[in-house]
**Student:** 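Starting off with a structure, shown below.
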Amino acid sequence: MNHLPEDMENALTGSQSSHASLRNIHSINPTQLMARIESYEGREKKGISDVRRTFCLFVTFDLLFVTLLWIIELNVNGGIENTLEKEVMQYDYYSSYFDIFLLAVFRFKVLILAYAVCRLRHWWAIALTTAVTSAFLLAKVILSKLFSQGAFGYVLPIISFILAWIETWFLDFKVLPQEAEEEN
């Protein structure tokens with residue numbers, strides 16, 4: 001007796017069917033949900049990518065290699081204690097290798113802080129360290145008397161320069177693109 005007009009009835013049944021279809025669309029498959037949760041957990045557990053870890057290892061190698069060369073230079077030029085006192089306590093920009101060692105320490109601290117601790121995803125830190133290293137070494141080679149001190153006058157600045165640029169290349173062409181690719 002109480003019949004709804006046909007338009008109202010169609011509206012109600014259409015609304016119920018659309019409500020049911022929305023429920024079906026938004027239902028989540030538990031298997032898919034678990035797979036998504038596990039993929040996010042895997043990302044969080046990983047922490048640092050393999051390529052970034054390799055970069056940080058190379059930065060550490062840079063510091064250790066320059067330190068080793070500096071210690072060898074100290075030993076060759078009259079014993080570690082005497083030469084260390086001469087190069088550190090009586091520092092002379094024109095004849096000391098101590099500043100090249102400090103430059104390697106600077107690179108190490110900035111790069112490890114930026115790319116291992118802070119996990120920076122930008123190139124500005126490596127650009128800063130490479131620019132400072134290049135400018136300092138260029139000025140050191142032009143103004144100093146390192147070439148008159150034997151082979152280490154050539155080796156230490158050149159090795160330091162090359163390692164800084166290898167780090168730049170590695171970060172810019174390997175670490176950042178590979179991480180961006182993995183993220184996508």
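Quick caveat, the model's predicted, so the values are computed rather than measured.
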**Student:** Using modelled atom types only, decide if a donor and an acceptor are shared between the side chain of Glu85 and the backbone of Gln90 within a distance under 3.5 Å.
**Tutor:** no
**Student:** Taking only residues two or more places apart in sequence or in another chain, which ones pass salt bridge (Lys or Arg N to Asp or Glu O under 4.0 Å) with Glu179?
**Tutor:** Arg52
**Student:** Check for me whether the distance between the ring centres of Phe55 and Phe58 falls short of 6.0 Å.
**Tutor:** no
**Student:** Give me the atom names and distance for the closest heavy-atom approach of Glu73 to Thr83.
**Tutor:** OE2-CG2, 4.5 Å
**Student:** For Leu171 versus Pro177, what's the shortest heavy-atom pair and its separation?
**Tutor:** O-CD, 4.0 Å
**Student:** Hey, quick one: are Phe101 and Tyr91 part of the same hydrophobic cluster, counting side-chain heavy atoms closer than 4.5 Å, chains of contacts allowed?
**Tutor:** yes
**Student:** For residues 122-131, which residue pairs qualify under salt bridge (Lys or Arg N to Asp or Glu O under 4.0 Å), counting only residues two or more places apart or in two chains?
**Tutor:** none
**Student:** Do Trp123 and Phe173 share a hydrophobic cluster (ILVMFWY, side-chain heavy atoms under 4.5 Å, transitive)?
**Tutor:** yes
**Student:** Rest of the hydrophobic cluster containing Leu57 (Ile/Leu/Val/Met/Phe/Trp/Tyr, side-chain heavy atoms under 4.5 Å)?
**Tutor:** none
**Student:** Only distances under 3.5 Å count here; give the side-chain donor-acceptor pairs of residues 132-144 to other protein atoms, sequence neighbours excluded, each with its distance to 0.1 Å.
**Tutor:**
| from | atom 1 | to | atom 2 | distance (Å) |
| --- | --- | --- | --- | --- |
| Thr133 | OG1 | Arg107 | NH1 | 3.3 |
| Thr133 | OG1 | Thr129 | O | 2.8 |
| Ser134 | OG | Thr130 | O | 2.8 |
| Ser134 | OG | Trp165 | NE1 | 3.0 |
| Lys140 | NZ | Tyr93 | O | 2.6 |
| Lys140 | NZ | Ser96 | O | 2.7 |
| Lys140 | NZ | Asp99 | OD1 | 3.0 |
| Lys140 | NZ | Asp99 | OD2 | 2.6 |
| Ser144 | OG | Lys140 | O | 2.5 |
| Ser144 | OG | Leu146 | N | 3.4 |

**Student:** With distance as the sole test, does Ser160 use its side chain to make a donor-acceptor pair with the main-chain N or O of Leu156 at under 3.5 Å?
**Tutor:** no
**Student:** Can you name the salt bridge (Lys or Arg N to Asp or Glu O under 4.0 Å) partners of Lys86, sequence neighbours left out?
**Tutor:** none
**Student:** Has the side chain of Gln149 got a donor or acceptor atom that lies under 3.5 Å from a matching backbone atom of Ser95?
**Tutor:** yes
**Student:** For the rings on Trp70 and Phe98, is their centre-to-centre separation under 6.0 Å?
**Tutor:** yes
**Student:** Sequence neighbours excluded, which residues qualify as side chain to side chain donor-acceptor pair (under 3.5 Å) partners of Arg121?
**Tutor:** Glu183
**Student:** Counting only N and O atoms by type, is there a donor-acceptor contact under 3.5 Å from the side chain of Tyr115 to the main-chain atoms of His122?
**Tutor:** yes
